[in-house]
Amino acid sequence: MDHRPQQWGRPRDDVYGAYDASYMQNNGPNQHTQQPIVTGTSVVAIKFKDGVVIAADNLASYGSLARFTNVKRLRTFAGTSVVGFGGDVSDMQYLDRHLNELAIDEAYTSEAGHTLNGRNLHKYLSKLLYHRRSKFDPLWNHLLVAGLDEDDKPFLAAADLLGTTFTSPSLATGFGSVLAQPIMRRYAPDEESAAKLTKEEAVDIIKECMKVLFYRDARSMDEYSIAVVTKEGVELKENEKLEKQSWAFADRIKGYGTQTV
Amino acid sequence: MFRNNYDNDSVTFSPQGRIFQVEYAAEAVKQGSVVVGLTSKTHAVLVAIKRNAEELSSYQKKLFEVDEHVGLAIAGLTSDARVLSNFMKQQCLSQRLTYDRPMPIETLVSMIGDKAQLNTQHYGKRPYGVGLLIAGVDETGPHLFEFQPSGMTQEMVACAIGARSQMARTYLEKNADNFNDCGREELIRHGLRALKETLVQDRELTVDNTSVGVVGFKETGKKALEFFKVHDGAEVKEWINSVEEDADAGGETAAEEGGAAAEGMQVDE
């Protein structure tokens, strides 16, 4: 028996073999995120009279490959808010687990039912993103948070991988910020006009945006999730299909590679 | 040397199932000058008697602002109270920073409850020698909580702690049904009347020894807050005068003796 104190409580080498210390260290240096790998494209959202409509397609791309076609990029929080994720999907899944934990903590700490509203949630997420970018290990996401504020008014705000935040009556991430945002601004250039939109109008605008994005964004898909957040709660539909597509414009497009005509 | 074998530390039960250090800490609360708290539908009010160590010294503060929507009143060791108050201030600020919201009162109180309980379960630590009344407003309305050195916290409609607080509690119990519908001024007057019940003969409320803290909603049914504010000196004159007029109403006088600070421990000074 080996009676040296270093050996106390350890499995005996003569019985179990020497311990393989290589399990203790990983190979090579520990790397921070340098780029997103599996990505989701645009998230679009617009405020209306008594809530917010938000949508994102169900595609997770691996580079230009449409790798996963059933990835839900909208998640509800506390039944009162929705977070839409653009960017890296693994970081989205990390945030999703983190938000589950937060919701459970919050539900346990207060019996009177103080829940985090949209504004609280957005503030928290932006702090989290900024914290991670300050560690030079960012969460590679661009988030939209749709919900209500403390006065039950519609709330919509964005936070990106640097922790930058902004709000607007309509918001879009990724390609949506160039393709969808101008369309939404036509209907809701300011808060006043957004406050006049009905739910049906807002849903139609978002569907129109999703269609344009599918036409022109090569990393998008025709199946998408859409959520309507109001005082009554969240109405989330996860397997919507784009309707009434028209590709009539396509045959007039010239360029992009070998021309046969 | 010792009163018994089981009061050396706060981790050992006596065979009767008591923890003497915690009970002694509760005694320190009874040595502090009295504080009263009460709530209505729209407001939470704290009132307190301040003591001065000697004729020429200033009066020890009894009411503290924690955040714009919460304040507290202390009875017991002021220095222990400051530790808890500073902790609560920090937690409230951190809640505003990370969530952009005012700290829910219930959450805040359970935090100091947990903190105080730890001291009763670790060898070499001692319980906080202070009791608190925490008054605040959040999205669920005005709240008043009582905190004890054992770590016990509970929500109250009205409460009094400190020396001779039993007299105040008797007043509060007698009038508790009326508090809910009281306006701001009437609630403060109820508080001061409860406070007066605790005074020994030929002591009275003065602008020097009386503190009033108020927090609530500006208007019924509206969300706009009247932030927690401590009123001292000339600001409490009107209120004191208004309860002086009905001075002859209360008949009860001193029963239990408050007594001077025991065993050299400086309390509320």
Side-chain angles (χ1 to χ4, degrees), chain A residues 77-83 95 98-135 139 143-159 163-167 231, chain B residues 39 41 44 66-70 87-88 90-118 134-147 151-157 217-225 227:
Chain A
F77 183 87
T80 53
S81 315
V82 174
V83 188
L95 282 168
H98 189 84
L99 289 179
N100 281 332
E101 225 167 89
L102 180 68
I104 291 169
D105 276 1
E106 198 59 23
Y108 268 110
T109 48
S110 67
E111 287 163 38
H114 305 270
T115 46
L116 296 169
N117 61 31
R119 182 198 301 290
N120 304 148
L121 182 62
H122 172 258
K123 186 63 145 200
Y124 178 78
L125 286 169
S126 67
K127 295 277 165 183
L128 183 63
L129 290 163
Y130 180 68
H131 170 73
R132 286 296 293 265
R133 86 99 220 199
S134 300
K135 292 208 302 186
L139 292 166
L143 311 177
L144 295 189
V145 180
L148 300 167
D149 65 11
E150 53 282 353
D151 302 318
D152 283 342
K153 296 256 166 50
F155 175 85
L156 174 62
T164 318
T165 60
F166 30 91
T167 66
K231 223 189 290 183
Chain B
T39 54
K41 263 199 294 245
V66 174
D67 196 350
E68 55 188 31
H69 68 299
V70 205
F87 172 78
M88 289 161 85
Q90 284 187 356
Q91 293 300 318
C92 285
L93 283 174
S94 118
Q95 191 86 181
R96 281 190 191 275
L97 193 76
T98 45
Y99 298 107
D100 194 16
R101 71 166 176 185
M103 171 80 87
I105 313 300
E106 183 197 10
T107 313
L108 180 66
V109 170
S110 75
M111 279 173 172
I112 55 165
D114 292 351
K115 198 171 153 69
Q117 195 277 339
L118 281 184
I134 298 110
V137 181
D138 60 24
E139 55 191 0
T140 58
H143 297 282
L144 174 72
F145 282 89
E146 180 193 2
F147 163 89
M152 183 221 65
T153 60
Q154 58 187 346
E155 180 154 21
M156 307 293 282
V157 171
F217 293 111
K218 277 188 181 142
E219 282 174 70
T220 321
K222 294 266 174 64
K223 280 201 166 177
L225 288 192
F227 294 151

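To find a chain, count down the sequence lines: A is the first, B the second, and so on, and within it residues start at 1.
At a 4.5 Å heavy-atom cutoff, A:N117 makes no contact with chain B through either its backbone or its side chain.
B:Y99 contributes atom OH, which lies 6.0 Å from atom CD of A:E106 (distance to the nearest 0.5 angstrom).
A 4.5 Å side-chain heavy-atom check between B:T98 and A:K123 finds every atom pair outside the cut-off.
Under a cut-off of 6.0 angstrom, the local environment of OH in A:Y130 is sparse, with at most 12 non-hydrogen atoms contributed by other residues, nucleotides or ligands.
With hydrogens and angles ignored, the 3.5 Å screen pairs a side-chain donor or acceptor of B:K223 with a backbone N or O of A:E150. The backbone N or O of A:N120 sits nowhere less than 3.5 Å from a side-chain atom of B:D100 that would complete a donor-acceptor pair.
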